[in-house]
Protein chains: 2
Amino acid sequence: MKRFIEVEQLLKTQGIRLTAQRALVLRRAVAYLHFTAEELVKDVREIDASVARGTVYRTLALLHRAGVVEKHDFRYGPPNYEVTFAKAHHDHLMCVQCGEIIEFQEPRVEALQQAVVKRFGYQLLSHTHKLYGLCRACQHADPRRAPKHPHLHVEEVVA
Amino acid sequence: MKRFIEVEQLLKTQGIRLTAQRALVLRRAVAYLHFTAEELVKDVREIDASVARGTVYRTLALLHRAGVVEKHDFRYGPPNYEVTFAKAHHDHLMCVQCGEIIEFQEPRVEALQQAVVKRFGYQLLSHTHKLYGLCRACQHADPRRAPKHPHLHVEEVVA
DNA sequence: TGCTTGTTGAGACTGAGTCTCAAGTAGAAA
DNA sequence: TTTCTACTTGAGACTCAGTCTCAACAAGCA
Ligand SMILES: [Zn+2]
Ligand SMILES: [Zn+2]
Ligand SMILES: [Zn+2]
Ligand SMILES: [Zn+2]
C-alpha cells in the first residue's frame, strides 16, 4: 500500500491522470514481485471484467515511461514486469527448473560495467545481467518432479 | 567457410543429417555476426525460395540444441541469433541509438558470477549480461539523424 | 527392391501485443 | 451549470513471430 501511494504521488507530479482503471492496474501490479503482462490482465479482469486488455497494456507502458515499471526478458517463458520504483537496483538469478527468481546485488560487477563501456568510449545507460542455474532443491530433486517456471511470487494480497 | 566445415563435422559426430536445406541455412547463418530468425528466413529464401519458413526455424532450433547457435534477447528489437560455435565466450554492449553491437570479454565479471550463485547455493548453468548505452558517435550526433537499430553486420558474403 | 524413419513444404493456427475508432470521461472555461 | 476540448476507454480487428499438423517426400538400410 505504501508503494502504491508513493507511485500515485509521483504520477501526479508528472501530470499523469490516475483514473480508476489505472489505479486498479497499479494496485495489482505492486502486489506482485514479478509478473507477466497477461497475468496482470487476468488478475485485473478477475476483479473488474470491464477493464479492457488494451488498458492494462497502455497503463503498463505508461508506468514504464514514468520509470515505475521495468521489463525483464528472462530466457525461459514470456517477459516479466516488475515495479522497481523505490527499490534498490538489483539483478536476477533464476532457477531454470522450478522458476524461482532471486534478486541479488553485486557492486563489484556494477563497477566493472563502467570499466567496460569506458574501454569502448560508450556512455552506459542501462544493463541487464541474468544468471540461470539450478537452485539447491532442484539440483537434488528428481527432474521429472518439479514443474517448469510456474507461479509467480505474490507479495501481498490487496483487496 | 572454415566455421561451416567445422560445424558440419560436429553435426556428423552427433548423428544429425545435414540436408541441402540445412546446409543452406547454416551457410547463411555463419555469414552473419548477429541475425534475427526472420532475417535469416528472408536471406535463405532469396537464394532458394522453395525453402519453407518452418525449415529455417527448425534448423535454427536444431543448431541451438547442438550447441552451435545462441539466442540473444536484446531489449530493443526482436531476438538475435549468433553462431557461437568455435567462438570464445563474450557478452554484449549495444548502442541504443544506432544499434551497433560490440562483443566484450571481462573475466572478472565471469568470476564474480560464480561468487554470486555460491551465495545462494545455486549451480550456474548460463548467463546473459548486456550493456546498453550510446556509442561515441551517437553521444555527439544529432539524435534525429541516426536511425534506430538498423542493419546487422554481415561478416562475409557466401555465394 | 521394399521398409522404416526422418525431413520437408504448405499453410493453418497460436499468443502476445498493437492499432483503430467510436463512445465515454475529466477537467477547464465561460 | 453548461460547453468545449483533450484525454481515456472498451471492443474488437489486426499484426507479427513463431509453432503445429500433415501429407508428400527423401535417406538410409535390409
Ligand atoms: Zn546490475
Ligand atoms: Zn527483481
Ligand atoms: Zn559472460
Ligand atoms: Zn556476440
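A note on names: the letters A, B, ... follow the listed sequences, proteins ahead of strands, and every chain is numbered from 1.
- Judged as a side-chain hydrogen bond (donor to acceptor under 3.5 Å, both in side chains), and not counting sequence neighbours, the contacts of A:Glu38 are A:Arg53, A:Tyr57.
- At whole-Å resolution of the value, OH in A:Tyr57 and P in C:dT18 are 7 Å apart.
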Could you write nucleotides 5-11 of chain C as a row of B, S and -, 5' to 3', where a protein heavy atom under 4.0 Å of any base atom gives B, of only sugar-phosphate atoms gives S, and otherwise -? -SSBB--
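- Rounded to a whole Å, the NZ atom of A:Lys71 is 9 Å from the C1' atom of C:dG17.
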Pair up each side-chain donor or acceptor in residues 16-26 of chain A with any protein partner under 3.5 Å, not counting sequence neighbours, and list the distances.
| from | atom 1 | to | atom 2 | distance (Å) |
| --- | --- | --- | --- | --- |
| A:Thr19 | OG1 | A:Arg22 | N | 3.2 |
| A:Arg22 | NH1 | A:Arg17 | O | 2.7 |

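- Look at CG on B:Leu18: it is 17 Å from P on D:dA26, rounded to the nearest Å.
- Residue pairs meeting the side chain to side chain donor-acceptor pair (under 3.5 Å) criterion with at least one partner in residues 128-139 of chain B, sequence neighbours excluded, are A:Gln113-B:His129.
- Per the geometry, CG belonging to A:Leu40 stands 11 Å off P belonging to C:dG17, to the nearest Å.
- A:Arg108 pairs by the side-chain hydrogen bond (donor to acceptor under 3.5 Å, both in side chains) definition with A:Glu106, not counting sequence neighbours.
- A search for side-chain hydrogen bond (donor to acceptor under 3.5 Å, both in side chains) contacts involving A:Ser50 returns A:Asp48, not counting sequence neighbours.
- With ring centers used as reference points, A:Phe74 lies under 6.0 Å from A:His92.
- Rounded to a whole Å, the CZ atom of A:Phe74 is 17 Å from the P atom of C:dA16.
- A:Asn80 places its CG atom 14 Å from the C1' atom of C:dA16, with the value rounded to the nearest Å.
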